[in-house]
Amino acid sequence: MSDEAKQDNAANLRAALFGSDASDLENQLGSAEEQDSKEGSGARTQLLPDGVLMAHLMSGVVYANEKHRVYQNVLARQTALLGKFKDLGLYLEIDEAEGYAYLRSRRADEYDEEDVLPPRLLKQVQLPFITSFLIMQLRQKVLEFDRSAEPHYILSFEEIYQLMEVYFKPNGDEGVKRRTISGQITRLIELGLMRKVSGGDGERYEIKRIIKALASAQNLEAFHQKLDSYLVMAAKKNGRKLEDGNDE
């Protein structure tokens, strides 16, 4: 999806939620982002209308280091925002330790009466196995980054390639592998799980912290159990042997 299409979708959603005030919200959103970039994380927090905060959250994850003023407002207004989002079938999740806030769909058991559950606004995305595989491999790298207290989770394309090598058949076409991995990276950027980093040699990408919410340590373990079974089947199919339970 192009950047223009994403902006149009976000604008249409804000218009549907906030009606005739949507254009005013657009202006306030723009000015809030510009002010954040000018003032930085040390700026005095200026109060923003709840509608602006809701529109930011509906547009994607709000990170403290990217939208400091918006994030601080979300923290200050989280009780009020929780109530407003509940009417929309959404739940506001805030991870202050990691510095981000995002929305998820509420479950039916989070309502007193199931018949008041509104239609789902956030669509669930069914990911192919290769995309899930990459997400879990990146999540594993995040654990390693955390152990070494790295402030940013940045990998080169070659490092991501090495993480994905085990997924492909041995002696496969190198160009096909690289194009496939590049396509998957683009997919994760569209999903807001990665971003391309400028500067340095070669292609470099930052893993966004929201990946921790998407892939917990518990489902990481479950995925690796599934992956072990997959590698065993793949090895048998390709006539290969496994050493110590791992694919070569």
Side-chain angles (χ1 to χ4, degrees), residues 6 9-19 21-114 116-125 139 142 146 151-153 191-193 195 206-219:
K6 290 180 182 178
N9 287 342
N12 291 337
L13 183 53
R14 286 195 286 271
L17 288 173
F18 307 115
D21 294 332
S23 59
D24 292 335
L25 285 173
E26 289 284 354
N27 294 331
Q28 294 180 67
L29 280 169
S31 62
E33 290 177 345
E34 290 172 7
Q35 196 69 13
D36 273 353
S37 63
K38 291 177 182 177
E39 296 178 350
S41 59
R44 178 174 60 86
T45 301
Q46 178 183 349
L47 296 181
L48 295 171
D50 286 352
V52 172
L53 303 179
M54 293 174 73
H56 271 287
L57 289 161
M58 292 297 299
S59 298
V61 182
V62 172
Y63 289 96
N65 64 340
E66 294 177 2
K67 296 181 178 180
H68 178 76
R69 187 156 61 103
V70 174
Y71 178 77
Q72 291 299 322
N73 270 262
V74 170
L75 291 183
R77 295 288 298 160
Q78 59 181 296
T79 301
L81 292 172
L82 276 167
K84 293 182 177 182
F85 279 124
K86 183 176 182 179
D87 293 336
L88 297 173
L90 302 172
Y91 188 87
L92 172 61
E93 295 276 11
I94 300 176
D95 191 325
E96 293 190 53
E98 295 295 335
Y100 61 78
Y102 69 99
L103 298 175
R104 66 165 173 82
S105 296
R106 279 183 176 267
R107 301 184 304 271
D109 61 7
E110 292 178 312
Y111 285 85
D112 296 331
E113 301 177 25
E114 290 189 11
V116 302
L117 185 66
R120 181 184 291 271
L121 284 178
L122 302 181
K123 294 183 179 180
Q124 290 182 314
V125 179
R139 180 66 177 90
V142 165
D146 282 344
H152 300 288
Y153 309 142
L191 291 172
L193 300 179
R195 74 177 183 92
E206 180 181 1
I207 308 169
K208 305 289 281 186
R209 291 180 177 271
I210 190 64
I211 200 169
K212 291 184 176 183
L214 180 66
S216 66
Q218 184 177 7
N219 56 30

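Not measured: the values here are computed from a predicted model.
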Kindly indicate whether the side chain of [X], heavy atoms from C-beta on, has any atom under 4.5 Å from the side chain of [Y].
{"X": "Val61", "Y": "Glu66", "result": "no"}
{"X": "Met54", "Y": "Leu88", "result": "yes"}
{"X": "Lys208", "Y": "Tyr100", "result": "no"}
{"X": "Tyr71", "Y": "Ile94", "result": "yes"}

Value rounded to 0.5 Å, distance of [atom1] in [X] from [atom2] in [Y]:
{"X": "Leu57", "Y": "Leu103", "atom1": "CG", "atom2": "CG", "result": "5.0 Å"}
{"X": "Lys212", "Y": "Ile207", "atom1": "NZ", "atom2": "CD1", "result": "10.5 Å"}
{"X": "Leu82", "Y": "Asp87", "atom1": "CG", "atom2": "CG", "result": "11.5 Å"}
{"X": "Leu53", "Y": "Arg77", "atom1": "CG", "atom2": "CZ", "result": "8.0 Å"}
{"X": "His152", "Y": "Asn65", "atom1": "NE2", "atom2": "CG", "result": "7.0 Å"}
{"X": "Gln46", "Y": "Asn73", "atom1": "CD", "atom2": "CG", "result": "8.0 Å"}

Can you find a side-chain donor-acceptor pair between Asp146 and Tyr153 that sits under 3.5 Å?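 Side chains of Asp146 and Tyr153: pair found under 3.5 Å.
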Quick one: closest heavy-atom pair of [X] and [Y], and the distance?
{"X": "Asp50", "Y": "Lys84", "result": "OD2-NZ, 2.8 Å"}
{"X": "Ser105", "Y": "Leu90", "result": "CA-CD2, 4.3 Å"}
{"X": "Ala213", "Y": "Tyr102", "result": "CB-OH, 3.4 Å"}
{"X": "Ile210", "Y": "Gly192", "result": "CG2-O, 3.8 Å"}

Using the rule given for side-chain contact (heavy atoms from CB on, under 4.5 Å), can you reason through Met58 versus Phe85, listing the C-alpha separation, both sets of side-chain angles and the distance that settles it, and then say yes or no? CA-CA 10 Å; Met58 292 297 299; Phe85 279 124; 4.0 Å; yes
For the backbone of Leu75 and the side chain of Gln78, can you confirm whether one donor and one acceptor N or O come within less than 3.5 Å of each other?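 Side chain of Gln78 to backbone of Leu75: a pair is present.
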Just to verify, what does Asp95 make a salt bridge (charged side-chain N to carboxylate O under 4.0 Å, His left out) with, not counting sequence neighbours?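 Salt bridge (charged side-chain N to carboxylate O under 4.0 Å, His left out) list for Asp95, sorted by chain: empty.
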Tell me, please, which residues at least two apart from Glu206 pass salt bridge (charged side-chain N to carboxylate O under 4.0 Å, His left out).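 With neighbours one apart ignored, the set is Arg195.
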Cation-pi check, Arg106 to Tyr91: give yes when NZ or CZ is under 6.0 Å from the six-membered ring centre and within 45° of the ring axis, no otherwise.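 Ring-cation test returns no.
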